[in-house]
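Heads up: the structure comes next, in structure tokens.
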Amino acid sequence: MSKYPKPETETELKSRVIELSGKSLSQLADEIHWPVPENLKHDKGWIGQLIEVHLGASAGNLSEPDFQNLGIELKTIPLNANHKPKETTFVCVVPLLSHIGLSWEDSCVFHKLSRVLWLPIEAAPSIPVAERKVGQGFIWSPSEQEMQELKDDWEEFMELISLGQVETITAHLGEHLQIRPKAANASVVTTGIGQDGLRKQTLPRGFYLRTSFTAQILQSQFN
DNA sequence: TGGTGATCATAC
DNA sequence: GTATGATCACCA
């Protein structure tokens with residue numbers, strides 16, 4: 001889409017983010033001739049993809065940062081009526097087999113969260129999707145303390161997985177990160193390690209950031 | 001009513 | 001199935 005080429009510099013990206021702030025989703029959708037869904041029940045990724053187009057993110061389902069040349073990952077963050085995160089944030093799929101010898105610095109969580117463009121968007125159910133407005137986006141990296149806490153969570157999870165305990169992991173575990181299912185439905189399977197140490201088919205899972213953590217990020221940015 | 005567990009669309 | 005993008009829906 002030549003109308004929205006990829007930003008070549010961080011400065012360019014930032015100025016485009018400023019241009020988006022305050023705009024409604026129907027404005028953005030109209031510009032690229034996209035219909036606006038009544039609700040997101042069957043279009044859960046619609047807002048994220050709408051923003052990707054407008055910011056010129058390298059689209060597609062590649063395992064690359066959204067802005068590969070800048071090393072920046074784009075995450076929209078839905079806000080409730082109190083302007084706090086409404087949902088957890090998906091980070092990446094949990095490695096259940098090829099994690100042996102994987103270090104924190106080589107993990108998908110480390111890479112995805114090293115540099116993130118957070119873009120808050122109104123998501124209170126009382127506001128029709130078309131009327132929801134884009135907030136003020138900003139580029140973020142974890143503080144030293146946040147990075148350490150994320151690493152601690154990650155290492156706790158990876159140890160359990162190595163021990164074949166993945167099916168004992170619930171979303172209650174983890175300070176900032178949590179592990180929850182990540183699949184089209186409960187019948188999807190991937191290969192993991194069972195309690196006997198042998199391969200076993202199990203439900204794919206993903207790492208998610210708790211809303212308390214993303215709330216902390218927003219607060220440090222706007223307060 | 002907030003969080004956990006489940007689910008939806010789409011490209012390849 | 002795995003990757004991208006996430007929100008839904010129910011129950012404690």
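Every chain is numbered from 1, with letters handed out A, B, ... down the list of sequences. Note that this is a predicted model, so its numbers are computed, not measured.
In terms of phosphate contacts, A:R210 brings no side-chain nitrogen or oxygen within less than 4.0 Å of OP1 or OP2 of B:dG2. OP1 or OP2 of C:dA9 sits under 4.0 Å from a side-chain N or O of A:K41. For the pair A:H42 and B:dA9, the criterion of a side-chain N or O lying under 4.0 Å from OP1 or OP2 is met. An OP1 or OP2 oxygen of C:dA6 is reached within less than 4.0 angstrom by a side-chain nitrogen or oxygen of A:T76. OP1 or OP2 of C:dT2 has at least one side-chain nitrogen or oxygen of A:T190 nearer than 4.0 Å. One finds no side-chain N or O of A:Q49 lying less than 4.0 angstrom from the OP1 or OP2 phosphate oxygen of C:dA6.
Listed nucleotides: C:dA9, B:dT4, B:dA6. Nearest to the side chain of A:L203: B:dA6. The listed nucleotides are B:dG5, B:dG3, C:dC8; the one nearest the side chain of A:K44 is C:dC8. Closest approach to the A:V188 side chain among B:dA6, B:dT4, C:dG1 is made by C:dG1 (side chain taken as heavy atoms from C-beta onward).
Residue A:F207 contributes atom CZ, which lies 17 Å from atom C1' of B:dT4 at whole-angstrom precision. Distance A:D66 CG to C:dG5 C1': 9 Å, rounded to the nearest Å. In this structure, A:L74 places its CG atom 12 Å from C1' of C:dA6, rounding to the nearest Å. A:H172 has its NE2 atom 12 Å from the C1' atom of B:dG2, to the nearest Å. Between A:L117 atom CG and C:dG5 atom C1' there is a gap of 15 Å when expressed in whole angstrom units.
Residues A:E64 and A:S187 both approach DNA chain C. Their nearest nucleotides, taken by heavy-atom distance, put A:S187 toward the 5′ side.
On a pure distance criterion of 3.5 Å, a polar donor-acceptor pair joins the side chain of A:K182 and the base of C:dG5.
Geometrically, A:K182 engages A:F90 in a cation-pi contact, judged by NZ or CZ lying under 6.0 Å from the ring centre and within 45° of the ring axis.
In this structure, A:D66 contributes its side chain and A:A57 its backbone to no donor-acceptor pair below 3.5 Å.
Within the 4.0 angstrom heavy-atom criterion, no nucleotide atom of any strand lies near A:Q201.
Counting heavy atoms from C-beta outward, A:Q216 and A:H176 have side chains that approach closer than 4.5 Å.
A:F213 and A:W140 have perpendicular rings, their planes meeting at more than 60° on a 0 to 90° scale where under 30° would count as parallel.
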